[in-house]
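Heavy atoms only: backbone and side chains are in, while hydrogens, waters and symmetry mates are out.
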Amino acid sequence: VQLQASGGGSVEAGGSLRVACVASGGFLYYFMGWFRQAPGKEREFVAGINYSGDNTVYADSVKGRFTISRDNAKNTVYLQMSSLKPEDTAVYYCAARWNTIATSRADYTAWGQGTQVTVSS
C-alpha cells in the first residue's frame, strides 16, 4: 500500500485543521494510524482506526481534541484536529499495518511522506 498525506498548514492556537491520507494498492483491511514528529523528538503515535471505523485509539495528549475517521469508498483516512496547541506542531505521518490495532511505530509497514502542521501561540 502507498500513502499520500496532505492538508497540513499553519494555524493559531485554539484553531482547527484537518489532514488527510489517500491510500493506493490496498486500504480496506488495513489498520490506519497517524503519527507525528516534532523537531528533535521521536516519532510518536497520535491516533489509529480499524478497517470498519468502529474502533479508534488515541494518545492521551490528543484525546478529546483530535478525531480520526476513514472513508473506505475514497481510500482515505482523516485526522480532524481541534483546540490546537503550539505543542501539536510537528510533521504528521499516516501509516498502515495489516488488520490489527497497534500503537508502536515498529508495527507499521507503510508510511506516507508527512505533512507539516504548525501551531502559533
Side-chain angles (χ1 to χ4, degrees):
V1 60
Q2 293 79 45
L3 305 173
Q4 179 76 35
S6 63
S10 297
V11 64
E12 292 186 351
S16 298
L17 204 60
R18 188 177 78 163
V19 292
C21 176
V22 179
S24 59
F27 182 72
L28 181 59
Y29 292 108
Y30 280 83
F31 185 89
M32 301 299 296
W34 283 99
F35 288 74
R36 67 186 181 186
Q37 187 166 17
K41 294 188 176 182
E42 294 290 318
R43 192 172 300 187
E44 63 176 1
F45 176 81
V46 175
I49 188 168
N50 71 335
Y51 75 93
S52 60
D54 60 358
N55 187 10
T56 57
V57 59
Y58 296 92
D60 288 343
S61 59
V62 306
K63 278 181 182 176
R65 300 189 299 120
F66 290 13
T67 302
I68 188 171
S69 62
R70 66 191 291 163
D71 185 338
N72 288 339
K74 296 182 178 179
N75 287 356
T76 303
V77 61
Y78 304 96
L79 185 68
Q80 177 68 47
M81 302 178 286
S82 302
S83 301
L84 282 160
K85 305 175 181 180
E87 51 263 44
D88 294 318
T89 295
V91 177
Y92 283 71
Y93 298 88
C94 59
R97 62 172 272 111
W98 179 253
N99 201 17
T100 56
I101 192 170
T103 60
S104 172
R105 176 183 176 182
D107 291 328
Y108 286 78
T109 55
W111 291 85
Q113 85 288 4
T115 184
Q116 176 71 46
V117 171
T118 302
V119 184
S120 59
S121 56

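- Shortest non-hydrogen contact noted between Val22 and Lys74 is CG1-O, 4.4 Å.
- Expressed to the nearest 0.5 Å, how far OG of Ser52 lies from CG of Leu28 amounts to 9.0 Å.
- Put simply, OG on Ser121 and CD on Glu12 are 9.0 Å apart, with the number rounded to the nearest 0.5 Å.
- Contact between Ala96 and Met32 at its shortest, heavy atoms only, is CB-SD, 3.6 Å.
- Counting all heavy atoms, side chain and backbone alike, Ser16 lies closest to Gln80 at CB-NE2, 4.0 Å.
- Across all non-hydrogen atoms, the minimal contact from Val1 to Leu3 is CG2-CD2, 4.0 Å.
- Distance check, rounded to the nearest 0.5 Å: CG of Leu79 to OG1 of Thr115 gives 11.0 Å.
- Put simply, the side chain of Gln113 gets close to the backbone of Ala5: a donor and an acceptor are under 3.5 Å apart.
- A donor-acceptor distance shorter than 3.5 angstrom exists from the side chain of Asn50 to the backbone of Asn55, with no hydrogens or angles considered.
- Counting only residues at least two apart or in different chains, disulfide (SG to SG under 2.5 Å) contacts with residues 15-103 comprise Cys21-Cys94.
- Using a distance-only test at 3.5 Å, with no hydrogens or angles considered, a donor-acceptor pair links the side chain of Thr89 to the main chain of Val119.
- Between Asp71 and Tyr78, the shortest heavy-atom distance links the atoms CB-CE1, 4.1 Å.
- Every residue two or more places apart in sequence or in another chain that forms a salt bridge (charged side-chain N to carboxylate O under 4.0 Å, His left out) with Asp60 is listed here: Lys63.
- The shortest non-hydrogen separation linking Ala20 to Thr76 is CB-CG2, 4.1 Å.
- Contacts classified as salt bridge (Lys or Arg N to Asp or Glu O under 4.0 Å) and involving residues 92-115 (residues at least two apart or in different chains) are not found.
- Atom CG of residue Asp88 and atom OG of residue Ser82 lie 10.5 Å apart, to the nearest 0.5 angstrom.
- Not a single ring pair (Phe, Tyr, Trp, His ring centres under 6.0 Å) links Phe66 to another residue, sequence neighbours left out.
- As a member of the Ile/Leu/Val/Met/Phe/Trp/Tyr network built from side-chain separations under 4.5 Å, Trp111 groups with Phe31, Phe35, Phe45, Val57, Val91, Tyr93, Ile101, Tyr108.
- Take Glu44 and apply the salt bridge (charged side-chain N to carboxylate O under 4.0 Å, His left out) test, not counting sequence neighbours, and it matches Arg36.
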Run the side chain to side chain contact (heavy atoms under 4.5 Å, CB included) check on Met81 and Val62 step by step: do they pass? CA-CA 9 Å; Met81 302 178 286; Val62 306; over 6 Å; no
